[in-house]
2 protein chains.
Amino acid sequence: MNTTEEVLDFVHHGHERYLPHLSIDCVIFGYHEHQLKILLIRHHQHDRWSLPGGYIGRHETLTEAANRILAEKTQLSNLFLEQFYVFGDSPTRMNRIETQQTHNTTYAKVGVTIGENHWLSERTLSIGYYALVDYLNVVVKPEYLVDEYCWWDASELPELEYDHNEIISKAFLTLRAQIYQQPVGYNLLPKKFTLPEIHALYESILDRQFDRRNFRKKLLALGMIRQLPEQRKIGPHRSPFLYEFDLEGYRRAVEDLSVRAF
Amino acid sequence: MNTTEEVLDFVHHGHERYLPHLSIDCVIFGYHEHQLKILLIRHHQHDRWSLPGGYIGRHETLTEAANRILAEKTQLSNLFLEQFYVFGDSPTRMNRIETQQTHNTTYAKVGVTIGENHWLSERTLSIGYYALVDYLNVVVKPEYLVDEYCWWDASELPELEYDHNEIISKAFLTLRAQIYQQPVGYNLLPKKFTLPEIHALYESILDRQFDRRNFRKKLLALGMIRQLPEQRKIGPHRSPFLYEFDLEGYRRAVEDLSVRAF
DNA sequence: CCAAAAGTGTTCGCCGTACACCCATGT
DNA sequence: ACATGGGTGTACGGCGAACACTTTTGG
């Protein structure tokens with residue numbers, strides 16, 4: 001939505017095109033300079049930041065809706081995007097009033113007031129999706145009602161609107177649990193990357209240290225990555241080798257792991 | 001709902017008490033005679049079976065709704081009950097007509113027809129919950145619109161209504177993945193159980209064989225179960241020892257496991 | 001030549017795996 | 001006595017963990 005007209009149409013006729021009571025919130029993870037990042041937005045005249053999100057079209061599948069919303073924000077498609085939880089317990093999700101005031105601050109920009117019985121004021125459950133994107137490929141698209149976009153360090157997040165801190169916590173837990181099943185690095189890193197990069201990525205996601213030698217040995221033994229005969233120049237230091245993912249090898253490795261005892 | 005009046009009130013006024021467009025479906029797992037079971041219901045005059053489910057009250061949290069629905073069917077509360085996925089992609093969830101006809105077969109019992117714009121005919125996403133219950137403790141509560149309840153072997157399910165086969169598949173995958181994080185046996189087995197019982201349970205959930213000696217060794221080493229000085233009489237065979245869960249030991253074991261490398 | 005970062009190999013101990021015989025019980 | 005099912009110990013191999021010095025590069 002980029003014009004006053006579009007926003008007004010959404011406010012007045014959105015309930016005809018979208019399902020009420022349900023929204024999608026996206027936790028978009030990126031990785032840059034040894035830090036796991038999350039993309040947040042700040043709505044017009046709001047102090048607190050929030051997760052990018054949207055509604056589900058009445059004629060759109062849930063998966064289509066999630067992909068559309070992500071593409072609207074990042075201009076990227078065909079990304080790693082996965083549902084992880086539905087949020088419907090938090091007091092802010094049960095209490096209409098606070099939500100209503102928050103909406104009104106936003107929509108004041110187009111001169112409308114959201115009443116108590118307006119579809120945007122109704123109780124809304126939110127379906128959480130998390131995405132893994134290559135930080136450098138993301139070009140954030142400005143939107144009319146959004147004042148600012150920013151990548152925040154996952155370890156130093158501010159207090160967010162609604163229950164969005166809770167949503168991010170759950171997304172983070174899911175990411176951690178999925179790191180053994182999903183080629184997390186494949187989605188968060190560029191096609192070619194160095195060992196120190198993927199090493200630091202795993203350390204920041206799992207919040208523990210790995211021995212450099214054992215780490216490389218394991219990844220190569222699993223067949224998860226392949227060393228390339230190229231190096232990267234990184235200033236006054238020894239040049240690290242570049243590696244690439246071997247998705248097929250990764251798939252096989254995950255399969256083998258799942259056959260192990262508990 | 002146990003009377004015609006209650007059903008009619010639900011059909012005509014349900015949308016005032018419940019959120020439209022959203023439902024909850026419960027995959028209730030039990031375990032009996034070396035078989036993993038799932039509780040299914042058959043609605044009035046339907047050929048196909050389906051999962052027990054319900055709607056979310058407008059003033060009820062999501063968790064409360066799931067627990068209420070489960071308690072309504074099984075008379076049990078304080079169970080293991082966990083959300084695992086939202087289903088909103090299946091063609092049967094996008095296509096109103098089929099759903100409408102299905103509803104009409106059910107509600108014909110109270111002499112009402114569900115029109116195209118009726119709240120029950122609208123597109124509905126379903127939140128999947130799975131429960132682990134002690135088969136022997138479940139007393140199924142009859143309901144007006146349900147002709148039959150039955151525990152089905154998880155490995156021999158019939159073709160179900162809507163996308164319920166898909167929901168069960170996903171629940172089963174989740175259960176498998178969670179078996180290393182959750183005390184699955186604690187919820188599916190009685191307080192005291194024998195080694196062969198828990199052994200067969202793990203084999204049926206993970207669909208592979210475990211060596212009896214290694215299995216016992218592992219569970220005891222983890223501190224997950226404790227051997228009791230009692231035995232169970234099982235007819236013309238050697239009496240197996242009884243065991244009980246050590247939830248605290250289990251928690252510690254899971255924590256330790258999560259510190260291992262990948 | 002120095003600082004900073006990357007590359008590399010070996011040893012040890014535990015855990016996961018494979019494997020087979022004896023024991024208890026009721027008929 | 002016998003049929004059925006349950007209980008129990010050992011040996012091997014592989015993988016995860018710990019560990020430190022050398023090489024490269026630009027300034």
Side-chain angles (χ1 to χ4, degrees), chain A residues 33-35 179-180 185 189 192-204 206-244 249 252-262, chain B residues 33-35 179-180 189 192-204 206 208-244 249 252-262:
Chain A
E33 288 179 344
H34 289 199
Q35 281 287 345
I179 202 171
Y180 304 117
L189 296 169
K192 297 178 181 182
F193 52 88
T194 68
L195 254 186
E197 280 170 345
I198 191 171
H199 180 226
L201 171 62
Y202 272 72
E203 288 193 339
S204 58
L206 292 172
D207 193 27
R208 38 183 291 237
Q209 317 254 101
F210 293 99
D211 179 89
R212 298 213 310 280
R213 289 161 285 190
N214 295 338
F215 186 79
R216 173 170 181 274
K217 212 187 311 169
K218 188 65 199 295
L219 264 49
L220 288 172
L222 283 176
M224 175 170 155
I225 59 174
R226 257 192 304 264
Q227 185 164 356
L228 298 171
E230 315 164 44
Q231 288 166 283
R232 174 184 291 165
K233 292 260 179 271
I234 52 160
H237 307 298
R238 182 168 181 172
S239 310
F241 279 96
L242 290 171
Y243 290 78
E244 64 181 8
R252 268 183 280 111
V254 167
E255 225 164 62
D256 289 358
L257 270 180
S258 74
V259 179
R260 285 177 35 189
F262 50 107
Chain B
E33 288 180 344
H34 289 200
Q35 281 286 345
I179 202 170
Y180 305 117
L189 296 169
K192 297 178 181 183
F193 52 86
T194 67
L195 255 186
E197 281 171 344
I198 191 170
H199 179 228
L201 170 63
Y202 273 72
E203 288 194 339
S204 58
L206 294 172
R208 38 182 292 239
Q209 317 254 102
F210 293 99
D211 180 89
R212 297 210 314 277
R213 288 161 287 191
N214 296 337
F215 186 79
R216 173 170 181 273
K217 213 188 309 170
K218 187 66 198 297
L219 263 50
L220 288 172
L222 283 176
M224 174 170 157
I225 58 174
R226 255 193 306 265
Q227 185 165 357
L228 297 171
E230 316 164 44
Q231 288 165 283
R232 175 183 292 166
K233 292 260 177 274
I234 52 159
H237 307 298
R238 182 168 181 173
S239 309
F241 280 96
L242 289 172
Y243 291 78
E244 63 180 7
R252 268 183 278 113
V254 167
E255 225 164 61
D256 290 357
L257 271 179
S258 75
V259 179
R260 286 178 35 189
F262 49 107

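Letters go in sequence order (proteins before strands), and every chain restarts at 1. Owing to the predicted nature of the structure, the values given are computational and were not obtained by experimental measurement.
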Gap between atoms [atom1] and [atom2], on [X] and [N] respectively (whole Å):
X: B:Gln227; N: D:dG7; atom1: CD; atom2: P; answer: 8 Å
X: A:Gln231; N: D:dT23; atom1: CD; atom2: P; answer: 15 Å
X: A:Arg213; N: D:dG16; atom1: CZ; atom2: P; answer: 16 Å
X: B:Glu197; N: D:dG6; atom1: CD; atom2: C1'; answer: 13 Å
X: A:Glu230; N: D:dT24; atom1: CD; atom2: P; answer: 19 Å
X: A:Phe215; N: D:dC15; atom1: CZ; atom2: C1'; answer: 17 Å
X: B:Asp211; N: D:dT8; atom1: CG; atom2: C1'; answer: 11 Å
X: B:Asp256; N: C:dG16; atom1: CG; atom2: C1'; answer: 17 Å

| For D:dG16, does OP1 or OP2 lie under 4.0 Å from any side-chain N or O of A:Lys218? |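 True: A:Lys218 side-chain N/O within range (under 4.0 Å) of D:dG16 OP1/OP2.
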| query | Should B:Ser239 be listed as having a side-chain N or O under 4.0 Å from OP1 or OP2 of C:dT25? | reply |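 True: B:Ser239 side-chain N/O within range (under 4.0 Å) of C:dT25 OP1/OP2.
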| Taking for each residue the nucleotide of DNA chain C bearing the nearest heavy atom, is the 5' side occupied by A:Pro236 or by A:Asn214? |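 Mapping each residue to its closest nucleotide by heavy atoms, the 5'-most match is A:Pro236.
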| task | May I ask you to decide if the ring planes of A:His199 and A:Phe215 are parallel, tilted or perpendicular, using 30° and 60° as cut-offs? | result |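 Rings of A:His199 and A:Phe215: tilted, 30 to 60°.
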Between the base of [N] and the side chain of [X], is there a donor-acceptor distance below 3.5 Å?
X: A:Arg238; N: C:dA3; answer: no
X: B:His237; N: D:dT4; answer: yes
X: A:Lys217; N: C:dT8; answer: no

| message | For a side-chain contact (heavy atoms from CB on, under 4.5 Å) check, start with the C-alpha distance between A:Leu195 and A:Ile225, then their side-chain angles and the critical distance, and finish with the verdict. | response | CA-CA 10 Å; A:Leu195 254 186; A:Ile225 59 174; 4.2 Å; yes
| request: Output yes when B:Glu244 and B:Lys192 qualify as a salt bridge under the 4.0 Å nitrogen-oxygen rule, no when they do not. | output: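 B:Lys192 and B:Glu244: not salt-bridged.
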| What's the closest nucleotide to the B:Pro240 side chain, out of C:dG9, D:dG6, C:dT25? |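 Among the listed nucleotides, the one closest to the side chain of B:Pro240 is D:dG6.
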| Base, sugar-phosphate alone, or nothing: which one does A:Arg212 contact when heavy atoms must sit under 4.0 Å apart? |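 It contacts base atoms.
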| request: Select base, sugar-phosphate, or nothing to describe what A:Lys233 touches, counting heavy atoms under 4.0 Å on all strands. | output: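 It contacts sugar-phosphate atoms only.
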| query | Looking only at atom types and distance, does a side-chain atom of A:Glu203 sit under 3.5 Å from a main-chain N or O of A:Phe210, one as donor and one as acceptor? | reply |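 It does hold such a pair.
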| said: Under a 3.5 Å cutoff, is there a donor and acceptor pairing between the side chains of B:Arg238 and B:Gln231? | reply: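 The answer is no; no qualifying pair exists.
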